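On a predicted model such as this, the values are computed, not experimentally measured, just so you know. Naming convention: chains lettered A, B, ... in sequence-line order (proteins, then strands); numbering from 1 in each chain.
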Amino acid sequence: MLDVDAVVVGTGAGGSIAMRELARAGLKVVALEEGGYLRPADFDQREDHMFPVLYQDGGGRTTEDLGIRVLGGRGVGGSTVHNTNLCKRTPDAILDLWARRYGVEGASAADLEASFTSIEKDLSVSEIASDDINPNNDALRRGALALGWKGAVLRHNRIGCQKSGFCELGCAYDAKQNALKVVVPQALAAGANLYSDVDVRRILVERGAAVGVEGVAHDGVGSGKRPVARVRVRAKVVVLAGSAVGSAALARRSGLPDPHARLGRGLRMHPGGVVAGRFDESILAHRGIPQSYECTEMLSYEEGSDRRVWIVPAFAHPIGTAATLPGFGAAHMRSMRAYGHLAVLTAMVHDETSGEVDVDGDGEPVIRYRMTERDRVQLAKGLVACARILLAAGAREVTIPAVPPVRVTNARELDALDTSFVRPFSVPLSAVHPMGTLAMGKDPRVSVVDSTGEHHQVKGLFALDGSLFPTSLGGPPQISIYAFALHLAKHAVAAAKR
Amino acid sequence: MKLPRLPRLPRRKVLKAAIAFGVLGATGSLVALVRSRGYEVPQDVRGKLVGLEAWQYVVVQHLARRVCAGDEPGVVTPDEADVAGFVDGYVANMAARMRRDLGRFLGVIEQLAPAGLAMSSRFTHLEAADQDKVLGSLESSSSDLLRGGFEGLKALLFMGYYRDPRTWRILGYDGPRVEARP
Ligand SMILES: Cc1cc2nc3c(=O)[nH]c(=O)nc-3n(C[C@H](O)[C@H](O)[C@H](O)COP(=O)(O)OP(=O)(O)OC[C@H]3O[C@@H](n4cnc5c(N)ncnc54)[C@H](O)[C@@H]3O)c2cc1C
Ligand code: SF4
């Protein structure tokens, strides 16, 4: 058994910062990470090798009803290891909403400025050079410009990028300035200890306070996973940073007090569908920086807005593309032959739907998420907007991979399209941004943790990851998660010193 | 081996029954009745299976031949790419719950889905054209679970197929570049 001041569960965006800040405060810290500790030399750019080790459930995790594929990371560095490095701050309108509606205190844009600035410096965040916009992103840019729609070049956290296009499989060139490369080493240098391949199964609570965790160290993955030892850590502070799915599942299977049935509720995840445009010219979307341009024409952060879609390119390697294109057999292979000529965009919904993370009989996460009609309408608008952009950029034919597939070759056909076919199960959907299952707020009836990240009922238990957010962000979450973890870590430090 | 005759039920009724069973949950004794008999897997392959049972391996082999069928002669076949062997290894590393669900879904395809089209043979005994009809019915099924299950399975089969570098030529995909690492 280990006896420490603080234990951190998970080492992604939030967990890496928590372990670093606690260690820098001179505390004895241990971080436990379910996945392995992989290095750049391990990332071999093959989908069939990397998905099983880098992603939860080998990339096969879905909502309970199989309607949405939910991708999340597993391993030291969490989802930052295989994300696409887009960096945006939390929009001011979202921070205002959290203060106004959820009573979140001390988290205005001004309050967070120092944390945003600090994390952006640590991660070397900069604007992507316009020379580095690949033809897939350029199709989005050209289409948006032709339509007179709002768009911008994005910011990222890369240095020395070789533009290989393999970001979602981990960076073999160590160009990503992420939790794995930057923050975890800083935490270790500050004296934190890290144990990988340890799955935390239970939070230990005594007399209303967290006193540690229990877990299992293992070899291997999936059902090949072999337990090798039980791990028990006693600590004054427990930090949950297992992502909005992992942290909520751990909290639920630990049977934490939940007097207002909020634990695991309020899941948002930016569900998105894709649209592919076939061009005469070669696009080779899989090469270069995968995402460098965004279209925000249909994105407003105002509460209740009917413009809640964020559009960015969606690239894929052969397996991902094959899984997304409609049909099977010879007809499918004929579509695959156009691979090098496809530009693909995704429309992600800045969602209002409130899903839930529960656990099954084995204590494993069960994700329930049934898209509301308002969000379905947004999804439909977003897919049509993607199709319009691709046509405006010069696509010869645009396909929405619905069942049956929708194909259009000009704007007139698109105008005439009845979008009622867009339903959660009629188009393949994915979600890569789970948020909000241990939401912060003032009122314990609608939130799980307070504005410092500490659990309303269990003292010394903090959530410092994507689960904190009371609503969807409407954009890439990593910078918000890093910054909130940094902003709130001082409260966990104070609790450990209490 | 000839199967026990399945009841002819209207398609919607079969699908509803499947869902009532949980589709990806228990598909009942129907599958259990036949799944261990009549599936020919070469002894050397049978001895090597790590994730799939022999009957599941055969179903996956048949599915791969249809889902990953080539569009012209000469392209690498799913058997050459050993899609079923890949799925076997992949399944062995899946969480127990997902492995269970996949096995049950294979049972649905083998037993219930053909019956839903009033076909009286199991999937692996059907002609290729009929197998395509069964798969088409799953892809366009009004049941969210069946459609979702089919999409998941399709992704797994394509992973088995397009992981083979010989298939990349079909796409003009240049593959990993790690050897060019600075
Ligand atoms: C394909 C993809 C692309 C993305 N692209 C971007 C992007 O460009 N920009 C952006 O801002 N965001 C992006 N994201 C999302 C972003 O990476 C995540 O929102 C962010 O990393 C989440 O941080 P987190 O701390 O909440 O959890 P994570 O970073 O997911 O880390 C959680 C960690 O906790 C571990 N864990 C979970 N449960 C346990 C347990 N019980 N015991 C021990 N360990 C546990 C997990 O293994 C994991 O390593 C992307 C995500 C994906 C999947
Ligand atoms: S595109 Fe850049 S950051 Fe992404 S994997 Fe390649 S070198 Fe790494």
Side-chain angles (χ1 to χ4, degrees), chain A residues 40-41 43-49 51-52 57-63 65-67 69 160 162 164 166 169 172-173 220-225 282 284 286-287 317-324 326-334 336-337 339-340 360-362 364 403-404 424-426 428, chain B residues 24 50-51 63 65-72 75 86 90-99 101-102 128 132 135-136 139-152 154-165 167-168 170-178 180-182:
Chain A
F43 304 134
D44 72 357
Q45 306 184 335
R46 288 195 53 135
E47 293 168 275
D48 54 323
H49 296 171
F51 266 88
D57 290 340
R61 179 173 277 178
T62 66
T63 49
D65 61 11
L66 306 178
R69 187 176 180 210
Q162 305 292 305
S164 70
F166 287 99
L169 305 178
Y173 311 97
V221 291
S223 60
K225 208 154 108 172
S282 175
L284 301 178
H286 63 283
R287 290 197 193 144
H317 292 280
I319 293 168
T321 306
T324 307
F328 59 88
H332 184 276
M333 190 176 282
R334 277 192 292 279
M336 286 295 283
R337 285 186 189 276
Y339 180 70
D360 65 13
D362 302 326
E364 297 305 318
V403 180
F425 291 94
S426 68
Chain B
L24 308 180
V50 286
L63 282 165
R65 287 175 193 153
R66 299 319 309 148
V67 170
C68 310
D71 60 344
E72 51 188 53
V75 295
F86 166 80
Y90 191 92
V91 166
N93 282 324
M94 273 164 116
R97 169 180 45 94
M98 293 176 73
R99 186 149 68 141
D101 287 349
L102 178 75
D132 284 351
L135 297 181
E139 188 178 40
S140 60
S141 165
S142 57
S143 150
D144 300 338
L145 273 179
L146 288 179
R147 239 179 20 251
F150 177 72
E151 289 303 323
K154 181 175 129 179
L156 191 56
L157 296 168
F158 281 138
M159 187 182 285
Y161 185 69
Y162 285 109
R163 85 190 198 289
D164 186 324
T167 66
W168 299 343
I170 306 169
L171 320 175
Y173 174 64
D174 40 7
R177 308 190 340 182
V178 269
R181 206 179 326 162

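- When each of Tyr162(B), Phe150(B), Tyr173(B) is checked for heavy-atom pairs under 4.5 Å with chain A, Tyr173(B) comes out on top.
- Looking at Leu157(B), there are no atoms closer than 4.5 Å to chain A (heavy atoms on both sides), in backbone or side chain.
- With respect to Asp48(A) and Arg46(A), a salt bridge is recorded, a charged nitrogen being found less than 4.0 Å from a carboxylate O.
- Contact detail for Ser140(B) and Val403(A): the closest heavy-atom pair is CA-CG1, 3.7 Å.
- Between chain A and the residues Arg65(B), Met98(B), Glu151(B), the most heavy-atom pairs under 4.5 angstrom are made by Met98(B).
- Interface remark: of the candidates Ala323(A), Gly329(A), Gly59(A), Gly329(A) forms the most heavy-atom pairs closer than 4.5 Å to chain B.
- With a threshold of 4.5 angstrom between heavy atoms, Pro326(A) approaches chain B through N, CA, C or O but not through any side-chain atom.
- Residue contact with chain A, scored on non-hydrogen atoms closer than 4.5 Å, involves the side chain of Val75(B) exclusively.
- For the pair Tyr339(A) and Thr321(A), the tightest heavy-atom approach, listed with the atom from each and the gap, is CE1-OG1, 3.3 Å.
- At least one donor-acceptor pair under 3.5 Å links the side chain of Lys154(B) to the backbone N or O of Gly327(A).
- With sequence neighbours excluded, the residues that form a side chain to side chain contact (heavy atoms under 4.5 Å, CB included) with Asp360(A) are Asp362(A), Glu364(A), Val366(A), Arg97(B).
- With sequence neighbours excluded, the residues that form a side chain to side chain contact (heavy atoms under 4.5 Å, CB included) with Asp174(B) are His286(A), Arg287(A).
- Top candidate by heavy-atom pairs under 4.5 Å with chain B, chosen from His332(A), His49(A), Arg334(A), is His332(A).
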